[in-house]
Amino acid sequence: MAEMRAFRDAVGVWAAGGPGGPAAELAVRLGVRTAVLLEGLSDLAAVEALAARRGRDLDAEGVCVVPMGGAMSVGRYAGLLGPPGLGLRLAGLCDEGELGFYERGLERARVPYRGFYVCVTDLEDELIRALGPARVEEIIRAEGDFRAWRTFLCQPAQHSRPRQQQVRRFLGTKRGRKIRYGRLLVEALDPEQVPTPLDALLTSL
């Protein structure tokens with residue numbers, strides 16, 4: 001796990017304009033065959049949690065899950081890791097509203113779009129809909145965040161929002177909360193509740 005994390009870090013340095021040699025060397029040494037491109041760390045937490053639930057060791061399978069820091073970076077990462085760069089197979093998740101960035105970026109990198117799966121709104125929204133807001137509130141309570149949740153609901157801006165939107169917004173109000181709940185929500189899912197894009201991604205790897 002530490003070595004694959006080192007590869008992921010090396011890719012981030014490369015994408016930021018640093019040298020690509022360390023990433024290329026690690027890819028060969030670790031036998032990396034697939035890079036899963038995700039928008040952020042909360043998506044990473046969810047994908048890793050589902051893989052663990054299914055008994056998958058993605059590192060051992062040569063699969064590296066790469067958070068890009070936003071959809072606008074997909075063209076850069078696809079170019080470095082796909083056919084123009086390391087020649088890895090690429091897969092990933094895409095928020096519906098960011099689909100245009102993905103289509104253009106993947107086309108520039110000559111990467112097939114078929115390995116990417118679209119979430120309605122985003123992955124957090126998919127997970128909340130799968131579990132239902134009431135179940136997510138139970139998880140919030142169990143995690144000791146219920147007082148903060150009730151305070152959040154008192155904000156005037158939340159009064160007219162549906163409960164699902166309120167829950168989704170709450171998860172993004174504190175640094176690190178989306179990452180923590182990305183894992184927790186996946187761990188709370190029944191097997192048949194796994195959102196289709198997330199299930200399809202893991203199945204395809």
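Keep in mind it's a predicted model, so treat the numbers as computed, not measured. In what follows, residues are counted from 1 in the order of the sequence shown.
Side-chain atoms of Arg56 come within 3.5 Å of backbone atoms of Leu205 as a donor-acceptor pair (strictly under, hydrogens ignored). A donor-acceptor pair under 3.5 Å is formed between the side chain of Gln166 and the backbone N or O of Arg161. Looking only at distances, no side-chain donor or acceptor of Arg89 sits under 3.5 Å from a matching main-chain atom of Thr34. Counting only distance, with no hydrogens or angles, the side chain of Arg8 and the backbone of Val65 share a donor-acceptor pair below 3.5 Å. Under a 3.5 Å cut-off, the side chain of Thr151 and the backbone N or O of Arg147 do form a donor-acceptor pair. Under a 3.5 Å cut-off, the side chain of Glu126 and the backbone N or O of Pro195 do not form any donor-acceptor pair.
Minimum interatomic distance between Ile128 and Gln164 (heavy atoms only, all atoms of both residues): CG2-CG, 3.6 Å. When all heavy atoms of Leu93 and Pro197 are compared, the pair lying nearest together is CD2-O, 3.6 Å. Of all the heavy atoms in Arg53 and Val186, the pair that sits closest is NH1-O, 2.8 Å. Annotation for Ala188 and Arg135: closest pair CB-NH2, 3.9 Å, computed over non-hydrogen atoms.
Cluster annotation: Val66 is connected to Leu26 through the hydrophobic network of ILVMFWY side chains, with a link wherever side-chain heavy atoms come within less than 4.5 Å.
Using a 4.0 Å cut-off between a side-chain N of Lys or Arg and a carboxylate O of Asp or Glu, Arg183 and Glu48 do not qualify as a salt bridge. Ionic pairing of Arg180 and Asp145 is present here: one or more N-O contacts between side-chain nitrogen and carboxylate oxygen are shorter than 4.0 angstrom. Salt-bridge formation is detected for the pair Asp199/Arg54: a Lys NZ or Arg NE/NH1/NH2 atom is positioned less than 4.0 Å from an Asp or Glu carboxylate oxygen. The existence of a salt bridge linking Arg129 and Asp125 is confirmed by a sub-4.0 Å separation between a basic side-chain nitrogen and an acidic carboxylate oxygen.
No side-chain heavy atom of Tyr181 sits under 4.5 Å from any side-chain heavy atom of Leu127. No side-chain heavy atom of Glu143 sits less than 4.5 Å from a side-chain heavy atom of Ile140. Between Tyr77 and Leu90 there is no side-chain heavy-atom pair separated by less than 4.5 Å. Side-chain contact between Tyr117 and Ser204: present, with at least one pair of heavy atoms (C-beta onward) separated by less than 4.5 Å.
When the options Arg175, Arg177, Arg169 are evaluated for a side chain to side chain donor-acceptor pair (under 3.5 Å) with Thr173, the one that passes is Arg177.
Side-chain contact of Glu124 with Ser42: a donor-acceptor pair under 3.5 Å is present, judged by distance alone. If you check the side chains of Arg168 and Gln165, you find no donor sitting under 3.5 Å from an acceptor. In summary, the side chains of Tyr102 and Asp95 do not present any donor paired with an acceptor at a separation below 3.5 Å, with no hydrogens or angles considered.
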